[in-house]
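All values reported here derive from a predicted model rather than from experimental measurement. Throughout, residue positions are numbered sequentially from 1 according to the sequence presented. Ligands are counted one by one from 1 in listed order, and the atoms in each one are counted from 1 as well.
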Amino acid sequence: MPASAPYPLDPLSAAEIQTAIAVVRKTHGDCFFNVVSLHEPRKAEMLAWLNDPAKTPLPARVADVVVIKKGGKVYDGLIDLAGPTITKWELLEGMQPIITMEELQLVEHKCRTDPKVIEQCEISGIPKEDMHKVYCDPWTIGYDERYGNNVRLQQALMYYRPDPDTCQYSYPLDFCPIYDADKEAIIDIDIPKIRRPLSKVEPIDYTPRGVEKRGGYRTDLKPINITQPEGVSFKLVGRELQWQNWKFHIGFNYREGIVLNNIRYNERGTDRSIFYRLSIAEMVVPYGNPEHPHQRKHAFDLGEYGSGYMTNSLTLGCDCKGSIHYLDAEFPTRDGNIKTIKNAICIHEEDAGILWKHNDFRDDSVTVTRARKLIVQQIFTAANYEYAIQWIFHQDGTIQPEIKLTGILNTYALNPDEDPGPWGTCVYPQVNAHNHQHLFSLRVNPMIDGTDNSVFMVDAVTSDAPVGSKENFYGNAFYAKKTKLDTEGSSRTDYNGATSRTWEMVNESKLHPYSKKPASYKLVSREVPGLLPKEGSLVWKRAGFARHAVHVTKYRDDELWPAGRHVPQTSGEPSRGIPEWIGDGSTSTSNTDIVLWHTFGVTHMPAPEDFPVMPAEPITLLLRPRNFFSNNPVMDVPPSYSSTPTQVANKNKDVLNAADKQSTYAFGESAGRDCCSKL
Ligand code: ABN
Ligand code: CU
């Protein structure tokens with residue numbers, strides 16, 4: 001690979017984005033740029049290059065482009081950047097591409113100046129001269145059968161700020177204007193039958209001023225500093241990261257944010273492939289209030305807005321602490337310029353508690369080895385909510401995707417003393433937070449020692465043989481029941497906590513020398529609520545991926561996003577993404593290149609503790625090696641303390657010890673004094 005050439009999976013550089021924009025403009029004139037992003041190399045081409053980079057040509061750099069022409073026409077295009085040449089240009093009918101933050105920002109201004117919105121504000125108790133205190137969170141309309149999907153529409157969730165530093169989510173308004181992006185005008189307003197005028201309640205704020213009003217900040221916290229005096233233990237070559245036997249590439253796109261590719265672990269000198277591609281590929285947040293127009297509140301935060309587009313610029317010491325390496329992200333603006341998000345991704349190590357330990361009760365000889373983890377993180381803001389996405393790598397070969405949910409509840413107005421009913425909670429006087437779910441879709445393209453893999457559902461079950469029978473005389477037998485998901489149709493499976501259900505991605509041709517079981521990575525996920533909107537509902541139709549905890553599909557290039565490519569205003573008829581790919585379900589998923597899609601998340605019944613801002617709630621998953629390594633792969637991590645029975649008998653002479661000498665509470669003033677430090 002020439003030194004100057006980008007790695008084939010690197011995001012498009014600013015210069016490449018500009019090249020694509022220039023050729024589109026030259027050929028098609030003025031337009032709004034919705035997406036200019038890497039069109040990832042076809043997998044076969046990419047694998048050929050990875051297998052023999054010296055003899056195989058680099059996959060071409062191609063830009064995936066979506067533009068909106070004046071008048072609302074939407075085009076999907078591909079641009080070969082070497083030319084540059086437009087190789088595909090397709091007019092889309094009845095499809096709306098992702099909504100960008102720039103588009104959303106236009107709506108608030110329109111609401112403030114629209115006479116019908118002003119009239120509704122007056123009915124709510126806001127005088128005309130206070131329209132600058134009116135705010136809105138514009139959401140894509142989702143889908144509304146009255147308007148279909150030919151016109152690009154947004155629904156404006158309305159709020160009020162009594163002063164600029166008071167959070168508007170304490171003051172929701174009860175009506176919902178609808179904005180036509182092409183006409184740049186409010187075309188309708190949904191007005192509820194029961195009116196709920198603006199609350200006059202004193203605000204509760206999480207800002208320093210708000211906290212001071214309620215007694216101020218606590219004062220008993222001493223600093224915690226993380227120092228790595230000799231620097232970090234990871235290395236980045238371009239965007240390929242190497243750490244503790246791991247190697248992988250860190251990509252980033254407007255839609256999924258962080259994408260990890262070609263993930264390998266070096267087992268005593270041999271690089272073993274594990275995953276070709278990992279990402280959080282979609283999410284849906286359905287709300288549970290059945291009254292019109294709240295059924296429209298079901299955000300697809302990735303497919304409709306984009307986790308990359310909404311990503312934060314991270315700050316040292318706040319979003320991440322310690323020795324941090326950052327990567328920026330570059331995107332097109334609507335009018336064809338470049339927007340750089342500095343520090344879009346942070347990479348750092350953290351102490352991770354005990355990696356392993358054993359204490360011999362006979363003589364107190366003990367070995368304790370401390371773990372550390374490597375975190376690749378982004379945080380995005382989806383209007384009211386924040387999502388911190390962490391890809392955590394452990395030394396023992398485990399990958400732990402973790403999402404922390406924080407930010408602010410989506411709120412709606414209540415009258416004084418009104419009961420919100422079963423669909424929401426009064427989290428603050430006159431503030432109703434509706435029940436909702438956050439359902440994420442993890443996309444895993446496994447490559448466990450090669451591309452031909454299969455998936456087994458694994459349940460811990462008792463033996464079928466009755467107590468007293470020959471096979472199970474004492475009745476205590478139990479085992480791991482493995483069900484092969486060998487077609488796309490049979491792969492639709494749900495979670496079962498009672499059987500500790502997991503799913504194993506395996507290479508059936510690679511048997512472990514001792515266990516004789518196939519090399520695998522197991523998905524362990526315990527927060528797996530079912531989709532609560534009913535079968536046949538709008539959300540059920542639009543978010544087909546969320547109908548089951550797991551789907552397995554045969555790998556096909558371009559099947560990246562499980563609710564489809566263009567998500568805003570899909571009707572769900574037919575359901576896009578996974579249901580359409582699976583079709584009649586007959587395609588084999590046995591010993592072939594497959595994708596496992598996992599829906600996980602939380603059902604959030606809001607509570608006052610979640611207001612005015614939610615303490616972060618983590619959701620965690622594990623991808624764990626099983627029958628993959630010959631034995632514990634971390635015995636070579638240097639221990640923090642190790643004494644053998646002989647050393648104990650010799651009164652600790654050669655003990656290996658790196659004890660924390662600051663722990664006066666744990667060890668008293670003499671902490672560490674008797675120890676001879678070897679590390
Ligand atoms: N949660 C829906 C959303 C995300 C971003 C911007 C507006 C609305
Ligand atoms: Cu929530």
If we number the atoms of ligand 1 from 1 as shown, the ones under 4.0 Å from a heavy atom of Ala382 are 1 (N), 4 (C), 5 (C)

Verify the distance criterion only: is there a donor paired with an acceptor across the side chains of [X] and [Y] at less than 3.5 Å?
X: Glu386; Y: Thr381; value: yes
X: Thr333; Y: Glu102; value: no
X: Asp205; Y: Thr166; value: yes
X: Asp137; Y: Tyr169; value: yes
X: Arg255; Y: Ser37; value: no

The Cu ion (ligand 2) to nearest N/O/S of Met614 less than 2.8 Å: no

Location of contacts on Ala299 toward ligand 1, heavy atoms closer than 4.0 Å: side chain

Have a look at ligand 1 and work out which part of Met310, if any, has a heavy atom under 4.0 Å from it: side chain, backbone, both or neither. side chain

Member of Tyr385, Phe380, Tyr387, Tyr254 meeting the side chain to side chain contact (heavy atoms under 4.5 Å, CB included) criterion with Met310: Phe380

Just need the protein heavy atom nearest to [atom], so name the residue and atom and give the distance.
atom: atom 7 (C) of ligand 1; result: Pro138 O, 3.4 Å
atom: atom 6 (C) of ligand 1; result: Leu104 CD1, 3.5 Å
atom: atom 8 (C) of ligand 1; result: Trp139 CD1, 3.4 Å
atom: atom 2 (C) of ligand 1; result: Asp301 OD1, 3.3 Å

With the Cu ion (ligand 2) at the center, what angle do OH from Tyr385 and NE2 from His438 span, rounded to 10 degrees? 110°

Rounded to the nearest 0.5 Å, how far does CG of Asn410 lie from CH2 of Trp139? 4.5 Å

For the Cu ion (ligand 2), the nearest N/O/S atom on His604 is atom ND1

